Amino acid sequence: MSSPAPSPAPDALLGPADVRELAAALGVRPTKQRGQNFVIDANTVRRIVRTAEVRPDDVVVEVGPGLGSLTLALLEVADRVTAVEIDDVLAAALPATIAARMPERAERFALVHSDAMHVRELPGPAPTALVANLPYNVAVPVLLHMLETFPGIERTLVMVQSEVADRLAAPPGSKVYGVPSVKANWYAEVKRAGAIGRTVFWPAPNVDSGLVSLVRRSEPVRTAASRQEVFAVVDAAFAQRRKTLRAALAGWAGSAAAAEAALVAAGVSPQARGESLTVEEFARIAEHRSAAGTEHEEPVQS
């Protein structure tokens, strides 16, 4: 019998002292501007990997790896990990950290030094999973960009500020249901997957964090409208969320009357508000814009 591949050493993951030592050696001070809060608890990153259901054949993309706490935990399990890091110092240091602490897995790691919002391709096989600790200020746009750009991502688990987690996972009718909820649901089935305490971070943030699970829809939303067309309706509906859809969609449709015609054709009450609609209903509205709005559209001023 052939012997199994060596497992990473038990102390390969970063603990509180390791994180502080690494940061000190690099001259890194976490910045609020980039929402940097480094995870210092090995049990937490292993829990994230378990909750993400990372498998031995997964190609995982991680956004914002920082000093590498979660990266190392992902490498323990996944086939490959590609990390996208915007910070110059952190990006330069991470490969050396991986090589030093998990040399037997180093060849399965790749680094992309870039702003995740600008990433259009990744080295190696296409990613099958996204696992990341996302800063509050960019969490939603980065998540949506990655889901759109890499359709092979089947499972996603992101750690975000608790308030953002609530919004992403909110169902129609909820007080916090809005643009992030609808757009995330365009791609995936979304749910809260746990809470993360403040003490596992350095520095400890003044907000709680939550895990959000997104499992890619096996079948896309059935609609003749494009994603951009559907998202335009969503943006318009929530830009003035206190208004009825007849009023909120007037600018989008060309007039209130055209908005009402599109809503009626889609089987949606013109008196409804955006927070009550499913992504499928937004898609139906998008399908009826041109037919309802053509005669009401004003000529474009050059």
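Computed from a predicted structure; not experimentally measured.
- With rounding to the nearest 0.5 angstrom, the CG atom of Leu245 is 8.5 Å from the CZ atom of Phe238.
- Just one of Ile153, Leu147, Asn185, Leu157 meets the side-chain contact (heavy atoms from CB on, under 4.5 Å) condition when paired with Leu214; it is Leu147.
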task = Go through the steps for Arg47 and Asp41 under the test salt bridge (Lys or Arg N to Asp or Glu O under 4.0 Å), then give the verdict.
result = CA-CA 10 Å; Arg47 174 189 161 200; Asp41 180 61; over 6 Å; no
task = Report the C-alpha separation of Arg273 and Thr244 in whole Å, then their side-chain angles, then the decisive distance to 0.1 Å, and conclude whether the side chain to side chain contact (heavy atoms under 4.5 Å, CB included) test is met.
result = CA-CA 5 Å; Arg273 287 176 170 78; Thr244 64; 4.1 Å; yes
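- Between Glu219 and Arg222 there is a salt bridge, since a side-chain N of the basic residue sits under 4.0 Å from a carboxylate O of the acidic one.
- For the pair Ile98 and Leu72, the minimum side-chain heavy-atom distance is below 4.5 Å.
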ask   = Should Arg155 and Glu53 be marked as a salt bridge (Lys or Arg N to Asp or Glu O under 4.0 Å) after you check the CA-CA gap, both sets of side-chain angles, and the distance that decides it?
value = CA-CA 8 Å; Arg155 283 161 289 114; Glu53 298 181 4; 5.6 Å; no
task = Give the C-alpha distance, both sets of side-chain angles, the deciding distance and a yes or no for salt bridge (Lys or Arg N to Asp or Glu O under 4.0 Å) between Arg101 and Asp18.
result = CA-CA 11 Å; Arg101 302 189 73 90; Asp18 301 312; 3.5 Å; yes
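- Considering Thr128, Val81, Val60 in turn, Val60 is the only one that fulfils the side-chain contact (heavy atoms from CB on, under 4.5 Å) rule with Val54.
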task = Using the salt bridge (Lys or Arg N to Asp or Glu O under 4.0 Å) rule, take Arg55 and Glu154 through it: C-alpha gap first, then chi angles, then the decisive distance, then the call.
result = CA-CA 12 Å; Arg55 301 188 296 246; Glu154 300 164 0; 3.7 Å; yes
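- When all heavy atoms are compared, the tightest approach of Val164 to Ala139 is CG1-CB, 4.4 Å.
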message = Using side chain to side chain donor-acceptor pair (under 3.5 Å), reason through Glu275 and Ser174 one step at a time and then give a plain yes or no.
response = CA-CA 7 Å; Glu275 59 258 36; Ser174 163; over 6 Å; no
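- Counting heavy-atom neighbours within 6.0 Å of Gln228 CD, excluding the residue itself, gives a total above 12.
- With a 4.5 Å cut-off on side-chain heavy atoms, Pro95 and Phe109 count as touching.
- Residue His113 holds its NE2 atom at 11.5 Å from CG of Leu94, rounded to the nearest 0.5 Å.
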